[in-house]
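Data block below; observations after.
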There are 2 protein chains.
Amino acid sequence: MSTVAKAVSLLEILGSGAPETALADLARRACFDKATTRRLLVSLIAHGLVEQDETTRLYRLGAGIARLALMREAQFPFLRIAAPVVEALAAATGETVHLSEYSKRGLITVHVVESAKANRVSVQLGDVLPMHATASGIAFLAFSEERIREAILAGPLPAFTPHTIGDAGTLAEHIAAARARGHSTGSQGYEEGVLSVAAPILGADGFAIGTIAVAAPRVRVHTGDIERHGAGVAVAARDISERLFGGLPGRKRA
Amino acid sequence: MSTVAKAVSLLEILGSGAPETALADLARRACFDKATTRRLLVSLIAHGLVEQDETTRLYRLGAGIARLALMREAQFPFLRIAAPVVEALAAATGETVHLSEYSKRGLITVHVVESAKANRVSVQLGDVLPMHATASGIAFLAFSEERIREAILAGPLPAFTPHTIGDAGTLAEHIAAARARGHSTGSQGYEEGVLSVAAPILGADGFAIGTIAVAAPRVRVHTGDIERHGAGVAVAARDISERLFGGLPGRKRA
DNA sequence: AAATGCCGTTGCAAATAGTGAAATGCACAT
DNA sequence: ATGTGCATTTCACTATTTGCAACGGCATTT
């Protein structure tokens with residue numbers, strides 16, 4: 001295991017769970033020696049990616065993380081551009097709308113506007129959505145590079161609910177259907193009782209770079225709602241793509 | 001130089017400058033061997049912190065960075081809490097207001113609302129502000145742990161403009177004055193023609209964790225404006241502290 | 001009060017992981 | 001065709017990293 005892999009693991013562990021973590025706890029969770037863990041943390045602290053409480057000796061993610069994220073956002077203002085569209089769609093539908101961005105590990109939820117209704121779908125910021133079990137994932141795969149799609153179809157398809165698609169053939173059908181329609185639908189594949197509709201946000205090269213999705217409790221979805229939301233996310237996704245890439249002919253982006 | 005230090009350097013270089021960077025360019029700027037640079041990048045890519053354009057082979061910061069930042073924000077919602085206060089102060093003063101957070105390297109600018117006026121002060125998100133040359137820095141040091149203050153007073157005080165404070169004694173006086181008043185003033189120490197007023201945002205232990213500042217072009221600052229803005233930032237800073245720590249008696253934070 | 005357990009920190013020899021020069025392969029321009 | 005510039009791979013060498021073990025501080029327990 002490479003040293004940077006270990007360092008990143010520590011960051012991920014610090015990010016998940018409690019806001020602050022003790023050294024021994026961290027070492028145990030990461031399965032590293034205490035000494036190793038501490039030395040990695042010292043390096044990370046020197047660069048501001050981790051901070052340590054002076055008195056309690058507890059560790060937490062540092063402001064350097066935020067700095068990197070801000071620099072990235074300055075280079076590629078995905079959130080700044082897409083967030084208003086998400087808000088607008090949330091207002092128009094009255095349901096929870098979430099935005100995600102592709103990453104090696106899955107689709108990362110980068111923005112959420114929850115429905116104002118009491119019975120609503122809640123999505124955690126930073127959550128990683130599985131490709132095969134969510135409307136977002138299927139919408140993404142329908143417009144992704146073939147390499148990514150095949151990797152998912154070839155890999156394991158863990159079940160999150162009894163409704164999760166566990167068969168590569170069925171998944172391929174869903175993907176094909178989503179490609180034909182321009183948006184996907186997800187039915188309780190990740191969480192029970194949740195229906196979702198998602199559309200891909202396309203990059204400059206025509207491949208998906210993220211998705212926008214509407215998620216509603218099953219009991220509230222009536223005839224025509226799926227189609228209405230499907231049209232909504234498709235328009236919103238296209239809108240985001242255009243704002244990101246339409247106005248800047250010089251800039252290329254995968 | 002430790003391996004994680006190198007990996008983080010690459011992230012910083014990727015964040016600064018152009019949105020996408022070539023391997024050779026990156027290796028040159030970091031002063032690493034091309035092979036070394038690439039292997040580090042491969043590790044970072046595996047964890048989603050870096051992405052590579054499939055066709056151009058250019059590297060950029062990945063969505064994993066955003067994920068870590070979101071997880072951090074979920075643990076400690078500094079931006080979510082402070083941003084509305086910054087907006088309000090910007091609306092009230094009509095000038096540029098910026099928010100920063102302490103990090104080992106300096107004060108990191110995490111939120112900015114620029115003045116609507118044509119002649120306005122512009123601050124870059126993610127910028128690191130020097131402690132000795134900005135109103136924010138002096139406000140921070142006035143309420144920081146002694147260790148940090150002394151490290152700055154002992155260290156070098158590079159000049160950014162002819163007005164930058166270059167003398168430890170003068171700096172100590174400014175810090176003392178800021179502590180007495182509850183807010184600091186900065187006069188063209190970092191950028192020519194800019195006057196700033198800043199106040200510290202205090203953590204649960206009473207030490208500063210960040211600052212909020214109003215920055216205006218010198219020509220627009222008239223009699224009484226300094227005092228008015230000083231009162232404004234002080235109230236805003238206290239407001240943020242209270243919203244962060246007042247409501248959650250169980251949570252501690254340095 | 002002494003003892004026990006837990007935690008963070010430091011030192012050191014062993015070993016794994018990282019290093020860089022050079023070679024290979026790939027595209028594009030000459 | 002030939003050349004140039006780039007990314008990528010290989011391999012012997014070296015240095016960083018590693019984990020054990022011991023230490024000191026702190027709190028709770030006996």
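Convention: sequence-line order gives letters A, B, ...; per-chain numbering from 1.
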Nearest to side-chain heavy atoms of A:T3, which nucleotide of D:dT18, D:dT16, D:dC20 = D:dT18

query = B:M1 has an atom CE; how far is it from atom P of D:dT17, in whole Å?
reply = 11 Å

ask   = Looking only at N and O atoms, is any donor in the side chain of B:R39 or the base of C:dG20 less than 3.5 Å from an acceptor on the other one?
value = yes

query = How many Å lie between CG on A:L40 and C1' on C:dG8, as a whole number?
reply = 16 Å

inquiry  = Mind checking if A:A24 touches a base, just sugar-phosphate, or nothing, with heavy atoms under 4.0 Å?
reply    = sugar-phosphate

ask   = Side-chain donor-acceptor pair under 3.5 Å between B:T109 and B:S100, yes or no?
value = no

message = Between B:R179 and B:E146, does any side-chain N to carboxylate O distance fall below 4.0 Å?
response = no

note = From CZ of B:F32 across to P of C:dG18 the rounded distance in Å is 14 Å

inquiry  = Output the rounded distance in Å from NZ (B:K6) to P (C:dG18).
reply    = 9 Å

message = Here's a test for you: under side-chain contact (heavy atoms from CB on, under 4.5 Å), which of B:I108, B:L107, B:I209 qualifies with B:Y102?
response = B:L107

task = Give the nucleotide from the list D:dA7, D:dT8, C:dG8 with an atom nearest to the side chain of B:R38.
result = D:dT8

message = Without decimals, in angstroms, what is the distance between A:L41 CG and C:dC7 C1'?
response = 14 Å

ask   = Between C:dT9, D:dT8, D:dT18, which nucleotide gets closest to the side-chain atoms of A:R57?
value = C:dT9

ask   = If you check the A:A22 side chain, which of D:dT8, D:dT17, C:dG8 turns out closest?
value = C:dG8

ask   = Hey, is A:D239 close enough to A:R243 for a salt bridge, meaning N to O under 4.0 Å?
value = yes

request  = Check whether any side-chain nitrogen or oxygen of A:T36 sits under 4.0 Å from OP1 or OP2 of D:dG19, and answer yes or no.
outcome  = yes

task = Quickly work out the B:D53 CG to C:dA27 P distance and round it to whole Å.
result = 15 Å

Short side-chain donor-acceptor distance under 3.5 Å, A:D33 and A:T36 = no

Separation of D:dT9 P from B:D33 CG (nearest whole Å) = 15 Å

request  = Could you check how far CG of A:L58 sits from P of C:dC7, rounded to whole Å?
outcome  = 12 Å

ask   = Which one, D:dT9, D:dT18, D:dT8, comes nearest to the side chain of B:K34?
value = D:dT8

